[in-house]
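Written out below as structure tokens is the structure these notes cover.
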Number of protein chains: 2
Amino acid sequence: MPGKRDGKTGLCRRQESVQTMDRPASGGRNGRVTIREVAEDAGVSVAAVSKVLRDAYGVSDVMEAKVRASIAKLDYRPHTAARAMRGQTYTIGVLLADVKNPFFPQVIDGIDDGLAGTQYVPFFGIGHGSTSMEKAIVHAMVDRQMDGLIMIGQRMTDAEVEATARQAAITVIGHHAPQATLFDSANNDDERGGTLVVEHLIAQGYKRPAMITLRRADLGQADVSQRREAGFVSGMRAAGFDDSAIRIAAAADDIDDVTATVRMLLEGPNPPDAIFGWADYYALEVLSAVRALGLRVPEDIGVIGYDNSPPCAYTQNDLTSIDQSGREIGRNAARLMLERIAGRKTAEHFVVQPRVAVRNSTALRNS
Amino acid sequence: MPGKRDGKTGLCRRQESVQTMDRPASGGRNGRVTIREVAEDAGVSVAAVSKVLRDAYGVSDVMEAKVRASIAKLDYRPHTAARAMRGQTYTIGVLLADVKNPFFPQVIDGIDDGLAGTQYVPFFGIGHGSTSMEKAIVHAMVDRQMDGLIMIGQRMTDAEVEATARQAAITVIGHHAPQATLFDSANNDDERGGTLVVEHLIAQGYKRPAMITLRRADLGQADVSQRREAGFVSGMRAAGFDDSAIRIAAAADDIDDVTATVRMLLEGPNPPDAIFGWADYYALEVLSAVRALGLRVPEDIGVIGYDNSPPCAYTQNDLTSIDQSGREIGRNAARLMLERIAGRKTAEHFVVQPRVAVRNSTALRNS
DNA sequence: TGTTCTACGTTTATCGTTCTACAAAATCGC
DNA sequence: GCGATTTTGTAGAACGATAAACGTAGAACA
């Protein structure tokens with residue numbers, strides 16, 4: 001018995017139990033108005049109300065008016081779980097790889113923009129940077145019959161995403177899969193962005209740029225950090241650097257490791273004079289590390305990030321960054337999602353061009 | 001059998017659309033394994049499977065083993081929507097007042113801790129600082145039969161929360177309602193925290209502390225910013241300040257307004273020598289503003305925040321802050337929630353004591 | 001020995017929607 | 001004015017779980 005819920009089935013001898021009214025928090029309807037009551041009140045059939053709700057075909061203006069009046073009068077709200085049994089849930093699951101990344105709020109704003117005025121509501125799952133947690137969340141979303149999933153910065157493989165795509169519409173953000181046919185994507189051109197970084201640093205007069213990127217075992221070529229690395233490399237080559245002079249250090253997603261990696265770079269032989277953090281939240285930690293070493297930014301060392309998230313603008317950061325129009329990306333992701341749900345069967349991959357948002361952290365002038 | 005799903009009622013508004021047979025995106029089961037198939041495979045009744053699933057009373061070990069084997073073999077996952085019709089959804093809705101606040105991730109980690117090992121999954125709704133949006137999200141959560149709601153930093157009135165509490169178990173975080181009986185809460189002692197700020201600043205030698213707080217029309221006494229203000233005021237009084245010397249300026253949740261407010265304070269008569277931002281994300285903007293004015297921190301002006309969120313530790317911020325043990329709060333909120341769902345009927349209000357996390361931004365020494 | 005209790009398992013009604021199939025009414029074409 | 005459509009509306013079967021009610025067999029008790 002211990003550990004089991006609900007010790008009483010029909011076993012109680014004294015069955016006279018008074019039907020208490022108090023509804024515990026869980027289960028059971030709470031005097032919720034149902035579609036049946038609305039139908040009764042409006043003097044039409046249940047099916048008619050359902051049609052009005054879904055904006056379906058075959059509803060006269062007069063009937064619609066009656067039904068809407070009753071809905072308003074009774075303050076009826078459709079029971080989403082019941083809907084899910086037959087139709088849609090009008091719910092979009094959004095998987096956030098983590099909640100600390102200051103870039104994501106912009107994307108979320110964009111998603112909200114794109115969903116505004118529809119019946120769809122976004123709910124968020126937070127992956128905490130763990131692939132297994134991401135998978136669990138995706139499962140939980142599918143179990144809940146969500147109509148579509150938007151995944152931001154997730155690290156699942158394309159195959160895993162495609163498997164899920166058979167159960168719900170999917171749009172990925174921060175993951176390049178231009179060849180994918182079963183799901184859509186919305187991104188900026190991360191490779192171009194990586195190259196922009198080099199071009200900007202060189203133009204500012206820096207001579208020895210290095211990059212700090214994300215260290216993870218499970219990254220594939222589709223990952224944004226890898227694309228940015230690729231762009232960085234080709235930019236460096238184009239600027240005349242020998243491959244042996246192109247330095248990319250990897251650090252775990254953890255301030256201590258980022259700090260240690262920065263130290264290693266700066267205290268080693270031939271230290272860089274500018275560091276590119278693959279994302280703002282890395283670059284902000286790079287700033288912290290170089291300041292802790294007593295270096296001046298931008299004179300002793302330039303720092304540049306990626307995302308152009310709000311903290312970049314703070315005076316104490318004043319961080320140059322690559323703007324990837326997060327809000328625009330979010331807006332388009334929502335649009336793609338709605339189109340998929342509406343029936344589009346072919347894949348679409350939205351890409352926006354990045355640009356440099358110049359601030360003081362790379363303000364070294366050509367000497 | 002696989003019969004004709006989706007003849008799709010020839011009812012489309014315009015008859016242009018040719019409905020294809022497979023609709024991955026919306027509705028309909030996708031070859032999902034059902035409880036019935038599990039029952040058949042295991043050679044027991046569906047009720048038996050259901051009992052195993054719910055860990056309910058009346059299951060022999062041998063039957064449980066059989067059922068679990070079949071579940072594993074068929075990779076069965078319960079259909080949450082179907083469960084919601086009769087029982088629970090095993091879903092906890094978490095309302096985040098906004099995503100930008102760097103304090104919330106800690107709380108979320110705590111919630112995850114508290115939910116780990118249970119069947120419950122948290123899903124997040126994001127309020128973007130708008131009360132109407134908060135209400136919409138709460139509605140959406142209730143519509144989806146979520147078993148409980150944890151609200152972080154929301155601004156709804158107690159009456160509104162209590163109305164919702166009749167439909168789902170509720171725990172609030174960042175909102176003081178010690179008298180509430182229908183829902184639980186988990187907080188730090190914000191009033192004490194406000195006083196701690198004054199005590200710390202005075203001990204460091206600052207002479208004229210001021211506070212910058214949140215300006216909103218709809219704040220009540222239950223709100224954390226108000227509690228912190230109250231603590232600040234009583235701390236100042238205890239330190240011997242006359243009421244006329246206690247300055248609390250309000251700024252909208254917006255970097256430009258915070259910057260303008262800081263300017264106004266510092267360029268006005270009798271400027272403060274230390275500023276307390278009611279939350280870290282305000283204090284970080286205060287730091288930005290004072291640096292933009294060319295002031296040195298901590299010599300010319302001390303700055304202190306509240307929450308002790310990760311960015312405080314960055315060298316460029318090095319921000320003293322009040323630690324309110326967010327993770328602990330989150331953990332307890334989850335615990336309270338699970339207890340409520342399990343049937344607790346009396347309210348419980350968890351409070352943790354705040355403490356000062358000293359850093360360089362208030363390092364002025366007694367002269 | 002008969003009665004009660006307990007443990008375990010099944011049958012079946014039910015939750016609130018959607019959507020197919022069908023009927024009735026209105027409109028159209030000629 | 002009459003058949004052929006189109007429009008508007010309804011009835012009722014799912015959807016996949018939960019849980020109340022009940023059956024049965026054996027153990028414990030008297």
Side-chain angles (χ1 to χ4, degrees), chain A residues 1 4-13 15 17 19 26-30 32-39 42-64 66-67 76-90 143-145, chain B residues 3-13 15 19 23 26-30 32-39 42-64 66-67 76-90 143-145:
Chain A
M1 263 163 278
K4 303 288 192 183
R5 320 190 45 236
D6 196 13
K8 36 146 179 225
T9 31
L11 316 165
C12 276
R13 257 282 157 235
Q15 194 56 308
S17 81
Q19 273 294 47
S26 70
R29 61 183 298 247
N30 259 320
R32 248 189 115 89
V33 179
T34 72
I35 199 175
R36 212 168 305 273
E37 296 167 55
V38 173
V44 299
S45 72
V46 168
V49 179
S50 176
K51 285 209 249 183
V52 170
L53 251 34
R54 289 174 293 123
D55 210 12
Y57 178 85
V59 185
S60 64
D61 290 351
V62 49
M63 186 175 83
E64 167 150 15
K66 273 193 301 188
V67 170
Y76 164 76
R77 307 181 55 81
H79 191 301
T80 308
R83 288 183 136 177
M85 294 288 290
R86 304 270 327 149
Q88 312 185 41
T89 56
Y90 300 96
D143 292 346
R144 283 159 184 77
Q145 293 285 111
Chain B
K4 32 167 343 183
R5 265 204 68 68
D6 242 347
K8 187 68 179 184
T9 68
L11 320 157
C12 295
R13 282 259 182 228
Q15 10 312 50
Q19 276 297 333
R23 297 228 16 170
S26 70
R29 60 182 302 242
N30 259 318
R32 250 188 114 89
V33 178
T34 72
I35 197 174
R36 212 166 305 274
E37 296 167 55
V38 174
V44 299
S45 70
V46 291
V49 180
S50 176
K51 285 204 221 182
V52 170
L53 252 34
R54 289 173 292 126
D55 208 11
Y57 179 85
V59 183
S60 65
D61 290 352
V62 50
M63 186 176 80
E64 168 151 13
K66 271 193 302 188
V67 170
Y76 165 74
R77 308 181 55 83
H79 191 302
T80 308
R83 285 183 138 177
M85 295 289 290
R86 306 269 326 148
Q88 311 184 45
T89 55
Y90 300 97
D143 291 346
R144 283 159 184 76
Q145 292 286 110

Between dG9(C) (P) and Lys66(B) (NZ): distance, integer Å: 7 Å
Write down the atom of Thr89(A), the atom of Thr80(A), and the distance for their closest heavy-atom approach. O-CG2, 3.3 Å
Could you pull out all residues at least two apart from Tyr76(B) that satisfy ring-ring contact (aromatic ring centres under 6.0 Å, His included)? none
dA17(D) phosphate, OP1 or OP2, under 4.0 Å from Tyr76(B) side-chain N/O: yes
Whether Arg32(A) side chain and Arg77(A) backbone form a donor-acceptor pair below 3.5 Å: yes
Are any of the side-chain heavy atoms of Glu37(B) and Val49(B) separated by less than 4.5 Å? no
Rounded to whole angstroms, how far apart are CD1 on Ile35(B) and P on dA19(D)? 11 Å
Between Leu53(B) and Ile35(B), is any pair of side-chain heavy atoms under 4.5 Å apart? yes
Please enumerate all protein N or O atoms sitting under 3.5 Å from an N or O of nucleotides 10-13 of chain D, with distances to 0.1 Å.
residue, atom, partner, partner atom, Å
dT10(D), OP1, Ser45(A), N, 3.4
dT10(D), OP2, Ser45(A), N, 3.0
dT10(D), OP2, Ser45(A), OG, 2.8

dT8(D) phosphate, OP1 or OP2, under 4.0 Å from Tyr57(A) side-chain N/O: no
Validation row: Gln145(A), Met85(A) side chains within 4.5 angstrom (heavy atoms): no
Over how many whole Å does the gap from Glu64(B) atom CD to dC8(C) atom C1' extend? 13 Å
So how far off straight is the helix from dT1(C)-dA30(D) to dC30(C)-dG1(D), going by the axes through five pairs at either end, to 10°? 30°
Between Arg36(B) and dA17(D), does any side-chain N or O lie under 4.0 Å from OP1 or OP2? no
Distance check needed: dC15(C) C1' versus Arg144(B) CZ, whole Å only. 18 Å
Minimum heavy-atom distance between Val44(B) and Met63(B), given as atom pair plus value: CG1-CG, 4.0 Å
Atom-to-atom span, CZ of Arg54(A) to P of dT17(C) - whole angstrom: 12 Å
Please report, rounded to the nearest Å, how far the C1' atom of dA17(D) is from the CE atom of Met85(B). 9 Å
Distance in angstrom units between His79(B) NE2 and dT17(C) P, rounded: 16 Å
Counting just side-chain N and O atoms, does Ser50(B) come under 4.0 Å of either OP1 or OP2 of dT18(D)? yes
Check: Arg144(B) side chain, Ala84(B) main-chain N or O, donor-acceptor pair, under 3.5 Å: no
Presence of Ser60(A) side-chain N/O under 4.0 Å of dG9(D) phosphate oxygens OP1/OP2: yes
Using whole Å, what does the distance between atom P of nucleotide dT18(C) and atom CD of Gln145(A) come to? 14 Å
Is there a side-chain contact between Lys51(B) and Arg54(B) in this structure, where contact means two heavy atoms from C-beta onward sitting under 4.5 Å apart? yes
